[in-house]
Amino acid sequence: MRQPRSYNGGMLPHDLFSGAPAPFGTGNGAGATGVSSQAVQPLLQNLNPEQLAAVTLPAGHALILAGAGSGKTRVLTTRIAWLLQNGLATPGGILAVTFTNKAAKEMLTRLSAMLPINVRGMWIGTFHGLCNRLLRAHHKLAGLPQAFQILDTQDQLSAIKRLCKQFNVDEERFPPKQLAYFIAGCKEEGMRPRDVPAHDADTRKKVELYQLYEEQCQREGVVDFGELMLRSFELLRDNDPVRAHYQRRFAHILVDEFQDTNKLQYAWLKQMAGDVVDGCLHTQGSVLAVGDDDQSIYAFRGARVGNMQDFVREFDVQHQIKLEQNYRSYSNILDSANALISHNSRRLGKNLRTTQGPGEPVRIYEANSDLAEAQWMVDEIKQLVRDGEMPRKEIAVLYRSNAQSRVIESALFNASVPYRVYGGLRFFERAEIKHALAYLRLLENPHDDTSFLRVVNFPPRGIGARTLEVLQDAARSSGCSLHDAVSAVPGKAGTNLGAFVALVQVLREQTQGQNLRGIIGQVLESSGLLEHYRHEKEGADRLENLDELINAAESFVTQEGFGRDAVALPLDEHGNALTQSPASQGLDPDAPMLNAPGNVDADTGETLSPLAAFLTHAALEAGDNQAQAGQDAVQLMTVHASKGLEFDCVFIGGMEEGLFPHENSMSDRDGLEEERRLMYVAITRARKRLYLSHSQTRMLHGQTRYNVKSRFFDELPEEALKWITPRQAGFGSFAPDSGAARAYQSGARGQFGFKTEVFASPPVPPVKAAPGHGLRVGLAVFHTKFGEGKVLAIEGADADARAQVHFPRHGTKWLALSVAKLTIVE
DNA sequence: GCGCGCCACTTTTTT
DNA sequence: AGTGGCGCGC
């Protein structure tokens, strides 16, 4: 049954929540007349009208278009708190989904700060975390062992490689990476092998491998990330009582970062929300989706912004609220963001505004080289810190691709400026940690062949590829796991393989009854891992990490409580867990599945071992990348990684055609628009000060490249900018107000967006004058290696001069004229 | 079975 | 440039 919906400016349509008690007295004060809610509702203090409207929306589906820095997380958490506080929802009736563990934790932390409730038992988590919870609770229906393990991307790839070897797949024609991508893509689309349209031989082969991969995973009792989603979607879809139960239970579904959902996640949400009857969606609860189409930067991994439009249509969304008031940045920064993003088509339409003044202009710097760019950043950062403008941790350097961080890192390092790099390998992804986890997984599940192969010969114990090949053949022909294949073949007892299996067996027995810390300590020692790294010369870090693994396990046990869900438990001021009686959680004692927290079988109440729970935690939460948190350090990260963060001061480096926008995404309009959204995200990270920089030359893949400044500069409002590049001799840089700068900025662009025919004569005669090269655009030239070609463009001057030349046989290349041997063809 | 050296690769990333 | 994977030689 659908509730009637109305919208009266967001002002408390209490009649829609029939008979719900309002413990904090919402019912007696605030009304449609807009009575100040501050006095009545401390929760709602300092919310602007749009935020207030969103927080207090009546039942029914809603889409909140929340611009960057508009208080999105605040609205989400306050909404939940408001629902609970007014008795419009019970903790058990709320489902809140995010994409990252960080966002989920943030929500839980804020929520427990607002309300004195136990957030355990609330379904707040990542898509994958909640799917895990569902599958553990209903593992029999889902066809999985309760202690199924989760493959991360690395594990998945090695599982696929193993499969390819086994079935003699030509890895040239079907690269395992691509297969992994294909399989993940299929799952994101909700397709099992039989659902994939295969019109050509290649696709048929891939589908066949997909099928084999599925069988392998099933046999080994492991699931990949995509499988978590797909399997739980199917669980809901195919089991009416289960689906009905959750639909009845979750009166309020809230989705964060909705623009990042893929097709499957949206379908999953629909299953949770209601059933489609006669092509029409019938829902019981309310779905509140919060998102920003302008911040959709994950199309490359299956995110579908179109889900926002589909949601409005299919859920017949009645309430759409735009949060456009920005509390983060000064208007020069905001105007820049707005101007840039206005160049995108097909937007839902949204313009950020602020009551803050213009603030400082956006500073733009042109460097001669990536090295100089990095050095300039460091100088600027040092000055900011020296002047006491802001602490280092409030300064972020953002870049488009990870490769760019190296130069900046070394510049910071040489200047002894503390910095922290985000990204790269995370804790649970480090090799030594994965090795340790593989041993632990074998204790839980000896049939996990991926883990078996990972450590069967690590540390080296004389088991080579040949031996394993034979073993794998034996396992395949008898359809069993590698572990069982060892035991099945008689006469293996005395071999290295037999010894390995025995080792795992002994470990399993030895660790019986031990606590998690003891188990891991024992495994690290008896496996020989510690011994191995003690002898390795670079092993000290690894030993430290392994030690850290024990600590992580320790804090997992004390913080999370084993056998429970991997959701942070709120503690009172004495460090005790806050608890709440089942009755007040609104759980129906007659329905067993209601009471199932994470990692517990909904029917039997059976729960995972502490070890298995920890392994799940390790897979779902890869951990932080860097240990030295909390230090006052400059923050380095990709633009993608910066989403959701904010800093007083932001540097965006490498603003060059081919880098940002990245050349691989410039072929189609969608790609370019995503790059623009990425830039939009980057700009809106800054609160007070924003620097953009580009460099004329850059080392990339060991080669010097000549780059033109990014087209995105042309899409920023001139009046908000300040070009701060100093006048320099001999490098074709310009003072901001020179005529040359104008010409430079508005130079005609050729078919690749490179500027052509813009000839920069240096403001000051060069000290070391290189001989004039005499080249002109359009001239035919001869190169000793590439043969005859045609000059397309010329840039720089003197020693720094270079030309873009098209060679019929070798394509288009940029050549440094001081190096390349070019002769003009008469 | 192990280790060295060569070759190919290189957008963004969470779970 | 730097890394990871693979193949060859010991």
Side-chain angles (χ1 to χ4, degrees), chain A residues 97-104 125-132 150-158 161 165 171-172 175-177 181 184 187-188 223-230 232 256-257 260-262 264-265 296-303 370 398-407 410 422-426 428-429 431 456-469 496 566 616-623 625 637-644 654 658-667 671 674-675 677-679 681-682 698-705:
Chain A
V97 204
T98 63
F99 275 88
T100 64
N101 290 304
K102 203 171 141 199
T126 62
F127 273 104
H128 293 87
L130 296 174
C131 287
N132 174 59
I150 300 165
L151 299 184
D152 66 15
T153 320
Q154 288 177 44
D155 300 330
Q156 190 192 20
L157 191 64
S158 63
K161 279 185 184 159
K165 287 232 173 64
E171 298 197 8
E172 297 280 278
K177 265 226 179 85
Y181 188 77
K187 291 188 181 181
E188 274 163 12
V223 300
D224 60 34
F225 287 126
E227 188 70 20
L228 279 175
M229 272 315 310
L230 183 51
S232 61
D256 190 20
E257 306 275 20
D260 288 339
T261 51
N262 62 35
L264 178 58
Q265 285 158 339
S296 157
I297 55 174
Y298 287 112
F300 72 91
R301 67 174 198 214
D370 48 352
L398 310 184
Y399 34 80
R400 177 64 179 82
S401 64
N402 277 309
Q404 288 168 254
S405 78
R406 185 156 257 108
V407 219
S410 73
Y422 287 76
L425 268 198
R426 285 185 315 236
F428 287 112
E429 291 167 356
V456 65
N457 197 35
F458 193 93
R461 44 175 76 89
I463 300 170
R466 201 60 239 269
T467 313
L468 291 175
E469 211 172 290
N496 292 335
T616 297
H617 165 80
L620 285 177
E621 228 174 305
N625 345 52
M637 67 193 83
T638 63
V639 179
H640 281 94
S642 76
K643 191 171 167 209
L659 243 187
F660 203 177
H662 198 278
E663 54 196 347
N664 295 2
S665 36
M666 273 155 57
S667 48
E674 177 141 321
E675 293 290 305
R677 290 192 293 271
L678 202 47
M679 182 66 195
V681 167
R698 186 172 295 277
M699 281 291 272
L700 198 65
H701 313 323
Q703 274 195 325
T704 304
R705 296 214 336 193

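Per chain, numbering begins at 1; letters A, B, ... match sequence-line order. On a predicted model such as this, the values are computed, not experimentally measured, just so you know.
The aromatic rings of A/Y298 and A/H640 sit tilted, their planes meeting at an angle between 30° and 60°.
If you take CD1 on A/I150 and NE2 on A/H128, they are separated by 9.5 Å, rounding to the nearest 0.5 Å.
Checking C/dA1, B/dT15, B/dC2 against every side-chain atom of A/E429, the shortest atom distance belongs to B/dT15.
A/K643 and A/D260 are joined by a salt bridge, as a carboxylate oxygen and a charged side-chain nitrogen come within less than 4.0 angstrom of each other. A salt bridge is defined here as a Lys NZ or Arg NE, NH1 or NH2 lying under 4.0 Å from an Asp or Glu carboxylate O, and A/E188 with A/R301 fails to meet this definition.
Residues satisfying the side chain to side chain contact (heavy atoms under 4.5 Å, CB included) criterion with A/S158, sequence neighbours excluded, are A/T450. A/R698 is linked by a salt bridge (charged side-chain N to carboxylate O under 4.0 Å, His left out) to A/E373, A/E656, counting only residues two or more places apart in sequence or in another chain. Residues passing the side chain to side chain contact (heavy atoms under 4.5 Å, CB included) test with A/A103 are A/T98, A/T100, A/D256, sequence neighbours excluded. Partners of A/R461 under the side chain to side chain contact (heavy atoms under 4.5 Å, CB included) rule, at least two apart in sequence or in another chain, are A/Y439, A/N457, A/P459, A/I463, A/F500, A/L503.
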Kindly give the atom pairs (protein nitrogen or oxygen, nucleotide nitrogen or oxygen) under 3.5 Å for nucleotides 5-12 of chain B.
{"from": "B/dT11", "atom 1": "O4'", "to": "A/H662", "atom 2": "NE2", "distance (Å)": "3.1"}
{"from": "B/dT11", "atom 1": "O2", "to": "A/R400", "atom 2": "NH1", "distance (Å)": "3.2"}
{"from": "B/dT11", "atom 1": "O2", "to": "A/R400", "atom 2": "NH2", "distance (Å)": "2.3"}
{"from": "B/dT12", "atom 1": "OP1", "to": "A/N402", "atom 2": "N", "distance (Å)": "2.8"}
{"from": "B/dT12", "atom 1": "OP1", "to": "A/N402", "atom 2": "ND2", "distance (Å)": "3.3"}
{"from": "B/dT12", "atom 1": "O4'", "to": "A/R400", "atom 2": "NH1", "distance (Å)": "2.9"}
{"from": "B/dT12", "atom 1": "O2", "to": "A/R400", "atom 2": "NH2", "distance (Å)": "3.0"}

Just the atom pairs and distances: protein N or O near nucleotides 3-10 of chain C's N or O, under 3.5 Å.
none

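Within 4.0 Å (heavy atoms only), A/D260 reaches no atom of the nucleic acid at all. Residue-level contact check: A/D152 touches neither bases nor backbone, having no heavy atom under 4.0 Å from any strand.
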Full working for salt bridge (charged side-chain N to carboxylate O under 4.0 Å, His left out) between A/E469 and A/K165: CA-CA 10 Å; A/E469 211 172 290; A/K165 287 232 173 64; over 6 Å; no
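Rounded to whole Å, the distance from OH on A/Y399 to P on B/dT13 is 9 Å. Between the NE2 atom of A/H617 and the C1' atom of B/dT15 there is a distance of 14 Å, rounded to whole Å. For the pair A/Y181 OH and B/dT14 P, the interatomic distance rounds to 16 Å; values are reported in whole Å. In this structure, A/F225 places its CZ atom 11 Å from P of B/dT14, rounding to the nearest Å. Atom-to-atom, CG of A/D224 to P of B/dT14 comes out at 17 Å; the value is rounded to the nearest Å. Remark: C1' of B/dT15 and CZ of A/R426 are 8 Å apart, rounded to the nearest angstrom.
Residue A/I463 is the one, among A/F127 and A/I463, whose nearest nucleotide of DNA chain B lies closer to the 5' end (criterion: closest heavy atom).
With hydrogens and angles ignored, a donor-acceptor pair closer than 3.5 Å exists between the side chain of A/T153 and the base of B/dT15.
Between A/N262 and B/dT14, a side-chain N or O to OP1/OP2 separation shorter than 4.0 Å is absent.
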